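Read the numbers this way: they start at 1 and go in the same order the structure lists the ligands and their atoms. These values consider heavy atoms only, across backbone and side chains, with no hydrogens, waters or symmetry-generated copies. Note that the structure is a prediction, hence the values are computed from the model and not measured. We're numbering straight along the sequence, starting at 1.
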Amino acid sequence: MIIVTSANGIVGIQAAVAILRDGGTALDAVEAATRLVEANPDDHTVGYGGYPNLLGEVELDASIMDGRTLHAGAVGALKGYKHPISVARKVMEELPHVLLTAEGAARFAAEMGFEQENLLTEAAAEVYRQGLSGALPADKRDWLNDGIAGNLARLARITADPEHAAGTVNFIAQDSAGNIACAVSTSGWAWKYPGRLGDSPIIGAGNYADNRYGACACTGWGELALRCSTAHSVVLYQRLGFGLEQACRQAMRDLAAATDAPEHAIMNLVAINRDGRPIGMTTVPGRTFVWMTPEMTTPVEEPRLVVDLTAKE
Ligand code: ASP
């Protein structure tokens with residue numbers, strides 16, 4: 001039994017371990033832990049308090065996958081609901097679908113009895129205001145004064161701010177029955193174009209779990225993981241016989257072909273193999289990940305292994 005998470009998941013890991021310790025399922029553990037991160041107003045990359053899109057609206061993405069059945073549920077560009085991970089789980093359990101987006105996702109959340117609320121905190125709104133005007137050159141500030149509606153495509157290129165863009169939470173759990181589940185939740189790229197989905201709600205890109213081989217979840221530049229199906233690649237490389245570390249390194253190396261500037265590519269992943277061994281990997285030195293088993297009283301925070309995408313194969 002184990003739970004593995006990105007560094008910002010530390011606020012949820014004890015709750016997940018308690019569920020595993022009591023004989024609960026990996027699915028329940030990853031959902032409960034993710035909800036705690038989604039409710040944390042100080043995490044501006046997930047759930048309540050998340051940074052908004054270019055129009056100042058918080059749009060959330062999340063996905064959950066059951067490695068026992070390969071069933072999955074996901075929501076994208078969901079507005080007004082604090083716990084997209086629970087809505088995603090309902091998609092998996094109540095619908096013959098995997099992914100709902102925008103109005104359809106909100107409609108379904110309401111139908112399932114989730115409470116609608118305002119997710120934009122004053123702190124996030126203030127950073128948004130400063131982020132947009134601060135990122136624009138002086139001769140372009142009137143884009144904001146004139147109303148930004150007609151300028152979104154140009155703004156999306158200029159205001160993309162790596163300092164505020166990054167962040168998402170990943171949880172992978174393996175329970176006492178050996179079942180693996182994986183959950184990912186995010187407010188996505190800060191100041192994103194409205195309706196933009198990253199890798200987090202896309203099964204295979206930011207999230208994948210298969211009891212037979214392992215699981216992987218990503219944070220970082222979602223467009224890259226989307227282009228390379230990174231989470232699924234990690235699982236597939238294990239299926240093809242690669243060890244856990246080698247599978248992760250290969251999936252990361254695959255990203256180099258999908259960018260003209262590999263030195264700037266930001267990708268992080270956490271993964272386990274089918275025996276529950278954890279690993280964290282990144283393109284950015286200094287990043288950590290966290291894991292814990294039910295026998296432990298406190299989680300371990302470890303540096304992620306670093307992959308250099310500029311290195312020749
Ligand atoms: N992967 C997320 C996205 O692209 C953001 C992040 O993890 O930093 O939406």
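On a distance-only criterion, G167 and ligand 1 share at least one N/O pair closer than 3.5 Å. Ligand 1 has no N or O atom lying under 3.5 Å from any N or O atom of G188, backbone or side chain. At least one N or O atom of G222 sits closer than 3.5 Å to an N or O atom of ligand 1. Among the atoms of R196, some N or O lies under 3.5 angstrom from an N or O of ligand 1.
Closest to atom 5 (C) of ligand 1 by heavy atom, among T168, V184, L197, is T168. Nearest-residue assignment for atom 1 (N) of ligand 1 (options D199, I202, T219; heavy-atom criterion): D199.
M292 and V169 fall within a single hydrophobic cluster, where Ile, Leu, Val, Met, Phe, Trp and Tyr are joined by side-chain heavy atoms under 4.5 Å apart, directly or via other members.
A donor-acceptor pair under 3.5 Å is absent between the side-chain atoms of S200 and the main chain of S185, judged by distance alone. A distance-only check finds a donor-acceptor pair linking the side chain of S233 to the backbone of C228 [under 3.5 Å].
Looking only at atom types and distance, the side chain of T288 has a donor-acceptor partner in the side chain of E301 under 3.5 Å away.
When each of E31, E94, H83 is checked for a side chain to side chain donor-acceptor pair (under 3.5 Å) with R89, only E31 meets the rule.
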